[in-house]
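Protein chains get the first letters and strands the later ones, always in sequence-line order, with residue 1 at the start of each.
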Amino acid sequence: MERRPDRDRTSAHSDASPTNDPSKPKPKPVRLDLERLDLTVEEVEERIRPGETNVFDK
Amino acid sequence: MIQRHPFPIDLVFPPQGHFTQPYLALPCLSAYLKENGYQDVELVDASIEAYDRFLSAEYLERCAAKVAQRLPLDAFDGRTELDFDHMERFRVASEAHVAAPGLAERVEGAKRVVRGEGFWDRDAYLEAMGTLYAGLRLVSAAHFPTVLTPHNFTMGYANDRSEEVLSATLDEDQNPFVEHFRTTLLPRLLERRPRLVGLSVIYGSQLIPALTLGRLIKEHLPECHVTAGGGFLAYIGEKLMNAPGMDACLDSIIFHEGERPLLELARTLEQRGSLELIGSLTWFDREEDGHVRTVVNAPQHPLKLEDAPVPDFSGLPLDRYFSPEVVLPYDVNRGCYYGACTFCTLPTVIGPGYRTRSASRIVDHVLELKERHGTRNFNFITDCMPPGMISDLPQELIAREADIRYWCDARVEPKAYDPEGARRLFESGCRKLLFGFETATPRLLKLMKKGQSPRATLEVARNCTEAGISVTFYAMVGFPTETREEARHTARFLVDNADVVREVSLQTFHIDEVARTYHHPDEFGITVLDGAGTDLQLYHDYESARGMSQSEAAEMFDEMMGELRQHFPLFSADNVLFFMQKSHYFLHLARGTTPDEFAAACRERAQALTDPEDDADFAVAEGLSRVEIPYSYARCVEKLAHPLARAIRPDFMTGRYVHGAAERARAALGTLEPTTRVLVHAPRAAAPFTELRPDGLALLDALDAAGSLSELLAAWDPSPAGRERLIEFVHRLHRCGLVRRLAGRTLPSGDTRVGATH
């Protein structure tokens with residue numbers, strides 16, 4: 001996998017190419033063994049810092 | 001009116017203040033100067049100018065290039081571990097690299113959305129705000145370890161040490177305002193050649209930018225007098241004026257109310273008189289031998305507020321703020337009529353005594369401003385309105401058919417905010433009130449000398465809510481002697497009354513040098529600690545014999561905020577961005593949306609993310625970018641969010657570092673082991689970053705290649721267990737905004753091998 005953000009390989013990484021662009025040929029999905037994959041998903045919420053809730057004064 | 005020969009004056013609001021609406025101090029000063037003969041007054045909101053330029057395509061492209069050079073991700077390769085001292089750098093580098101692509105292309109559109117009709121479209125607005133936040137993260141990364149947010153500006157320099165503050169004004173690598181002022185504002189000033197420049201420093205976050213600008217002006221316009229004033233300097237101005245080297249950035253400071261001293265300063269400078277007789281001025285007497293002496297003048301008498309002119313906003317770029325409609329601040333009174341709360345220092349900052357305008361004068365001014373600027377939105381600047389005013393002002397607004405909408409702070413006055421009073425306030429245009437609730441524990445309210453009970457506060461809130469006014473509570477965690485149980489009781493109280501209270505502004509308690517808690521620590525069972533070498537210190541750490549420690553209070557803040565985010569519609573998912581943008585929620589109320597309707601829309605948005613139907617079909621969201629990283633970003637953020645780690649960053653309010661915090665954090669939080677993770681950025685997601693394992697990315701790519709979940713299922717025909725795992729994974733991606741629901745499409749049932757139905 002490349003180090004840099006890849007915006008061209010598939011629409012998953014690109015602002016410019018919408019996901020369901022019919023003009024763009026899609027590579028065939030490579031079959032994966034779903035039962036053996038590590039599918040951990042960690043959503044990282046931006047923590048609200050104590051002072052940053054004083055939004056009405058600043 | 002007296003006419004004078006030209007004497008150009010520039011009044012500047014230095015960065016950083018919030019980008020949604022103008023601030024009041026400069027328009028008040030400008031009006032007073034003009035009324036007294038100084039017509040050539042220019043107002044400069046250097047804060048909105050900076051935000052507008054920083055959040056431009058050209059500037060962000062420059063920042064992306066700078067980040068690639070200053071914070072390369074491959075610098076983290078090949079280490080055996082990531083130590084605590086490099087975690088912040090790793091976090092910032094990861095975020096900047098993954099979020100930079102496409103940002104420059106999106107940012108101008110995002111500004112158009114928040115300034116235009118797109119503002120009223122919830123999806124468009126929240127995406128645009130997300131883009132602006134991402135833009136500021138990139139600007140910050142380009143100046144690492146500096147952090148600029150919509151609410152703050154901090155650097156790797158401590159705000160409470162003059163030597164560091166002065167060094168920060170010269171550090172072009174980390175201080176974005178050196179280049180910004182030199183290339184934008186300074187050339188304009190050189191052309192205009194003002195004789196007097198006034199800098200309005202209300203917040204600690206403005207100190208370094210203000211002194212950066214002051215230094216540039218003094219270098220290039222030595223004949224111009226640079227003065228400064230404002231709330232933050234009322235606290236630390238005296239220390240600042242005694243700090244070695246400060247005369248390179250300033251000539252004087254005005255304490256407390258600025259109108260009269262500033263006018264006298266202009267007159268004295270014009271007449272080349274002595275500064276000695278100007279009240280409330282502290283100034284540098286530059287002697288011929290080069291010696292600089294700090295002179296403190298006697299205090300000036302405050303202004304009779306009733307006679308003060310209507311604030312003059314002319315010259316401020318009202319169409320440049322990040323709001324579709326301008327909300328004008330207006331001060332109905334100055335000071336606090338109550339003035340007894342033991343934690344509060346605002347009366348000291350604003351100046352002596354409580355002063356007010358009459359209701360009829362306020363309405364005169366409001367109508368004039370409404371006519372001048374074509375807006376009916378106002379933010380009344382007041383610590384609190386006394387009971388008489390709560391009755392008189394709405395009556396006057398109604399009688400004169402002012403037809404305005406406003407929001408303001410308020411003190412709990414049960415008689416004034418009875419059902420009839422609340423109805424009258426709504427009828428007069430009041431759409432949001434913010435009450436100092438503080439805590440649900442009567443013992444602590446007594447110690448704070450709040451003079452109110454939780455029951456009375458709730459009754460007032462209920463009356464306002466039933467009248468259609470949105471209620472916000474200011475709440476506090478960690479007041480000396482408060483226990484965890486008491487704080488949890490407050491959180492429960494708030495959650496139990498989430499139908500009455502729409503927003504909570506939760507703060508951790510802190511001690512500044514003006515508060516009663518600092519001067520009488522025995523009354524509160526605390527020992528105040530002094531910071532070594534902090535010649536500009538205002539805020540202090542303390543040790544408490546009872547109740548939570550400061551660190552425990554910081555942990556409790558996170559716990560309470562978690563509760564609020566779970567139970568308050570306005571705090572759920574990315575709806576919290578409405579709360580975070582000052583008047584933006586109010587603007588919806590002002591337009592006619594009721595608080596209930598707004599809350600319902602927030603709930604609907606949050607539920608749409610969390611509750612997809614079992615057979616819902618999905619496709620990969622547009623605009624995702626990702627980057628492989630050698631450590632877990634999620635674990636890194638977790639460690640950096642720990643109160644011990646937060647203490648190494650300059651605090652929001654104080655801009656100071658906690659002495660010894662880095663050592664404690666290093667010892668307690670440990671290191672990170674190398675691992676391979678993928679950070680994915682979704683510009684339209686409620687949370688901007690999601691961490692996947694390489695397997696997860698492979699599956700995301702497969703989903704993208706298939707076109708949709710239904711097509712992937714049809715292509716692979718997985719086992720029931722595999723199908724279940726895949727659908728569960730996609731639902732989790734949906735919560736993170738990495739996939740989007742395909743409207744009207746459903747999955748084939750588990751035993752069917754046909755594609756999606758339309």
Quiz item: Who wins among B/Leu699, B/Leu726, B/Val637 for the most heavy-atom pairs under 4.5 Å with chain A?
Solution: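 Maximum pair count with chain A is reached by B/Leu699.
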Self-check item: Top contributor to chain A interface from B/Pro688, B/Ala682, B/Ala715 [non-hydrogen pairs under 4.5 Å]
Solution: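 Answer, by heavy-atom pair count under 4.5 Å with chain A: B/Pro688.
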Quiz item: What part of B/Leu738 lies closer than 4.5 angstrom to a heavy atom of chain A: side chain, backbone, both or neither?
Solution: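 Neither part.
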Self-check item: Proximity breakdown for B/Val576 and chain A, heavy-atom pairs closer than 4.5 Å
Solution: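 Only the side chain of B/Val576 comes within 4.5 Å of chain A.
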Exercise. Could you go through the side-chain contact (heavy atoms from CB on, under 4.5 Å) check for B/Thr690 and A/Val41 one step at a time?
Key: CA-CA 7 Å; B/Thr690 302; A/Val41 178; 3.6 Å; yes
First locate atom [atom1] of [X], then atom [atom2] of [Y], and finally report the distance between them rounded to the nearest 0.5 Å.
X        : Y        : atom1 : atom2 : value
A/Thr40  : B/Arg732 : OG1   : CZ    : 7.0 Å
B/Arg725 : A/Glu35  : CZ    : CD    : 8.0 Å
B/Leu697 : A/Leu39  : CG    : CG    : 11.5 Å
B/Leu712 : A/Arg31  : CG    : CZ    : 9.0 Å

Quiz item: Should B/Arg693 and A/Glu42 count as an ion pair when the cut-off is N to O under 4.0 Å?
Solution: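 Looking at B/Arg693 and A/Glu42, the cut-off is met.
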Self-check item: salt bridge (Lys or Arg N to Asp or Glu O under 4.0 Å) partners for B/Glu724, two or more places apart
Solution: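 Scan of B/Glu724 (salt bridge (Lys or Arg N to Asp or Glu O under 4.0 Å), adjacent residues dropped) gives none.
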Quiz item: Judged by atom type as modelled, is there a donor-acceptor pair below 3.5 Å linking the side chain of B/Asp695 to the main-chain atoms of A/Leu37?
Solution: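 No.
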Exercise. Check whether any side-chain heavy atom of B/Trp716 lies under 4.5 Å from a side-chain heavy atom of A/Leu32, and answer yes or no.
Key: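 They are in contact (side-chain heavy atoms under 4.5 Å apart), so the answer is yes.
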